[in-house]
Amino acid sequence: MAPVMETRPTRIALWVCVVVLVYLRRLGVECCSISPPTVVCSGGGRGCDIFNNQGLWEDRTPCRAAASVFPTTEAELVAAVAQAVKKKKKVNVVSGLAHSHTRLVCVGEGGFIISTRDYASTPLVNPTAKTITVEAGVIIRDLLNVAAKAGLAFPTSTSWDGVSAAGSVSTGAHGSGLVGKGSAINEYVVAMRLVIPAPASEGYAKVIELTEKDEDLKAARFALGTLGAISKITFALQPMFKRSVSLSLEDDAGLEDRLERFLRGYAFSNVYWYVGHGKAFMGKIDRAPVNRPGNGVNNAYQPTTVFNVEKSASNYEAIQATEDSKKLCNTTGTSMNNRVSRGGGFLNDGTRFTGYPVVGFNHLMVASGSCEDYHQKHDNQSSCTASQIIDKNQSICAWDRRARGRLTFDLEIRVPLSRAREAILDLKKIRALNPESLCALEGSGIVMRTIKKSEGAYLGPAEDVVTFEIVYHRSRLAYVPTWDMDVYQEIEQMLIEKHGGSLHWGKSGGHLFQGLAQKSTVNLQQFLTVKKRFDPDGLFSNEWTDGLLGIGGHKVEVLKNGCALEKLCKCREDIHCAPQAGYLCRPGRVWKNARVCRKGN
Ligand SMILES: Cc1cc2nc3c(=O)[nH]c(=O)nc-3n(C[C@H](O)[C@H](O)[C@H](O)COP(=O)(O)OP(=O)(O)OC[C@H]3O[C@@H](n4cnc5c(N)ncnc54)[C@H](O)[C@@H]3O)c2cc1C
């Protein structure tokens, strides 16, 4: 069957949804709340828009394609790539839900976008080899569950389980841990089927199969979508085990001296640092044998409602507008204290939190989700469309772009573990100047998880690293400065420039990505050599990925008026900030090489 082009899939999906809804309505019970579509095409050759989960790409420009393809079989995937290669068009693959923030998948007005929304049939377990083979669009939840049914465990995951197998390996997504192969999902890839461009004599596209015997697998395991279209991935599994979780809230005095020992002391430990309050939420997360009693589950990512998302955003925006740091710190302090006493999202028996440790099977503890496809009792069928929200009580993921939620920058800065001590001490120096300014980083706290030095991927980290993930407010309107932005800009620049930090490739970072591939990866040159061989015309690349990888002189920094407000540049002059609003380009207060947009001095 030929790939379906342009608008048909979206229309079919909407019709199927309507039919299902009418049926459910007749039953009088349920109403489906599904995530909005990633690829939306208009008829009449007007092309397609590609959306990520925030509905906003990091640089705020639209992400476009001329046409979309929704393959369901490998033959259709090959045909889609061949079609693009034959026409010498840019081409890329996006998952069904698209949760990366940067423009990795943007092919431009003339390009083809391939969606793996419908490329996700049931994973296949090989119990003898202890492996699982999945199609590219399979989400991590399905991988975890199918492996578990066979008595096997996939030991790591993103914290939210709705990301796709191919999307997560392509950006080096991870959990936390330094034991064995570590926490990066791509390190568990033992084989891959990849569709790459081919000469006309071979039909313009071909499938290659890479196994651990092929050095090229080190490029394919983590490739930012730039080598070709991943068709299938085989991951290594382990015998089932349980996780034991104990969380405690501790004073952060001496955190710099304790952190590395703590993170190395448990198989999957993590820390959420409430830096404004001087507290650290320490997660002792370890392996436990399957016969250890406990039926715990991780329930952290609960579906929420449109009403809740919008209320929380407007509350936050009101605090921003009044710059009421006391109120902000009170709010984050309350949620911090509730977090430990309520189990941090872990439930001992699947329904209640009764105390630590929470022990449960790996697949139920390693990640959580389900908001992306949630069924709840509701009687208003008109609320259930994939593109529009009519009913404020509709259940959604907290980050659903259809709700008027908070916009944020989300930077995961990875500092070599060996340099974390100095980084923490410097952050404490910044805090000493104005502790309340850091309450804005306490939505979850600074998320500190570990990723092991990569053995299996050229683009993987060259050392063991710990993340400093900071999430903070972003203005709904472009080129509008935000409260205390100088503090967060200084922290980012300091962690990257002074402490050797790098960034998560699928999260925010803007100009800070400049040159990081050269500095922080295992072997960029080897990766580029394979890339040149697999995709000599760079059809799977765009200006953003070329900028990230330093190809053809492309850069990710853009200098123009107001650029530092949008993270497009590090300011050099006042016009890169907002002089009309009093925000001028100033050196950092602790890291003097930082250049930040600050109001006043
Ligand atoms: C709520 C939430 C929680 C998160 N938690 C974590 C976490 O715990 N840890 C973490 O590391 N990250 C986390 N992330 C970030 C997320 O893991 C990454 O952004 C991931 O890349 C998203 O995967 P996706 O399936 O949405 O892929 P997309 O965003 O669709 O694509 C990402 C990349 O994969 C490529 N790609 C996708 N499919 C294919 C294919 N078939 N062939 C070739 N290339 C392909 C794309 O071209 C692109 O380069 C989280 C994000 C959200 C929204």
Side-chain angles (χ1 to χ4, degrees), residues 35 38-39 50-54 57-58 63 69 71 74 77 80-81 90-107 113-117 119-120 134-141 143 156-176 183-186 192-196 220-233 268 270 298 300-301 366-369 371-372 397-401 408 410-412 414 444 447 449-451 459 461 467 469 471 503-508 534-535 540-542 544-545 548:
S35 293
T38 294
V39 181
I50 307 163
F51 297 97
N52 64 6
N53 66 299
Q54 280 209 339
W57 297 95
E58 198 187 6
C63 184
V69 186
E74 192 172 80
L77 183 62
V81 175
K90 291 284 184 187
V91 56
N92 213 304
V93 189
V94 67
S95 67
L97 298 173
H99 279 76
S100 296
H101 297 174
T102 56
R103 304 178 60 77
L104 295 165
V105 300
C106 300
V107 288
I113 191 74
I114 300 171
S115 166
T116 57
R117 184 194 65 192
Y119 199 70
V134 301
E135 287 183 344
V138 164
I139 61 168
I140 297 293
R141 171 48 51 201
L143 186 163
T156 189
S157 172
T158 47
S159 56
W160 179 58
D161 58 23
V163 297
S164 71
S168 57
V169 302
S170 298
T171 57
H174 60 92
S176 189
S183 66
I185 294 174
N186 57 57
M192 186 183 280
R193 286 174 70 82
L194 188 67
V195 184
I196 60 171
R221 274 196 184 106
F222 177 177
L224 302 171
T226 63
L227 293 191
I230 297 170
S231 171
K232 290 183 183 164
I233 309 175
F268 312 110
N270 56 31
N298 179 346
Y301 282 110
V366 64
S368 73
C371 56
E372 69 279 4
C397 293
W399 51 88
D400 190 311
R401 71 171 195 265
T408 54
D410 177 351
L411 289 93
E412 181 188 289
R414 300 151 173 201
S444 301
V447 187
R449 297 188 285 178
T450 50
I451 312 167
L459 293 187
T467 65
E469 183 170 3
V471 179
L503 287 161
H504 188 306
W505 302 93
K507 299 192 179 184
S508 320
F534 282 10
D535 180 21
F540 278 88
S541 301
N542 61 22
W544 174 254
T545 57
L548 288 180

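Indexing begins at 1, ligand by ligand and atom by atom, following the structure's order. In this text the structure is predicted, and so the values were computed from the model without any measurement.
The nearest protein atom to atom 29 (O) of ligand 1, hydrogens excluded, is given as Ser100 OG, 2.9 Å; this is a heavy-atom distance. Protein heavy atom in closest approach to atom 8 (O) of ligand 1: Ser159 N, 2.7 Å. Lys507 CE, 3.7 Å is the protein heavy atom nearest to atom 15 (C) of ligand 1. Residue, atom and distance of the protein heavy atom nearest to atom 3 (C) of ligand 1 are Trp160 CB, 3.6 Å. Atom 48 (C) of ligand 1 has its closest protein heavy atom at Val105 CG1, 3.7 Å. Remark: minimum distance from atom 43 (C) of ligand 1 to any protein heavy atom is reached at Gly228 O, 3.4 Å. Closest to atom 30 (O) of ligand 1 among all protein heavy atoms lies Ser95 OG, 2.7 Å. Counting protein heavy atoms only, atom 46 (C) of ligand 1 is closest to Val93 O, 3.2 Å.
Evaluation of the side-chain hydrogen bond (donor to acceptor under 3.5 Å, both in side chains) rule for Asp161 yields Arg141 as partners, not counting sequence neighbours. Under the salt bridge (charged side-chain N to carboxylate O under 4.0 Å, His left out) criterion, Lys232 pairs with no residue, sequence neighbours left out.
Atoms of ligand 1 lying under 4.0 Å from any heavy atom of Ala229, numbered from 1 in the order shown and given with element: 42 (N). Remark: ligand 1 atoms within the under-4.0 Å shell around heavy atoms of Asn92 are 47 (O). Close contacts between ligand 1 and Thr171 involve ligand atoms 18 (C), 20 (C), 21 (O), 32 (C), 33 (C) [criterion: under 4.0 Å to a heavy atom]. Residue Gly225 has at least one heavy-atom neighbour below 4.0 Å for each of these atoms of ligand 1: 44 (N), 47 (O), 49 (O). Every atom of ligand 1 with a heavy atom of Ala166 under 4.0 Å away is listed here by number and element: 38 (N), 39 (C), 40 (C), 41 (N). Every atom of ligand 1 is numbered from 1 in the order shown, and the set under 4.0 Å from a heavy atom of Ala136 is 41 (N).
Put simply, part of Thr116 is less than 4.0 Å from ligand 1, judged by heavy atoms.
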request  = Might you work through the side-chain contact (heavy atoms from CB on, under 4.5 Å) test for Val105 and Val93, ending with a clear yes or no?
outcome  = CA-CA 7 Å; Val105 300; Val93 189; over 6 Å; no
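Here atom 27 (O) of ligand 1 lies nearest to Gly167 when heavy atoms of Cys397, Gly167, Ala398 are compared. Comparing Ser170, Gly172, Cys106, Ser176 against atom 34 (O) of ligand 1, the shortest heavy-atom distance belongs to Ser170. Counting only non-hydrogen atoms, the option in Lys232, Glu469, His504, Arg449 that gets closest to atom 7 (C) of ligand 1 is Arg449.
Counted by atom type alone, Glu74 and Ser231 present one or more donor-acceptor pairs between their side chains at under 3.5 Å.
Using cut-offs of 30° and 60° for the angle between ring planes, the Trp160 and Tyr301 rings count as perpendicular.
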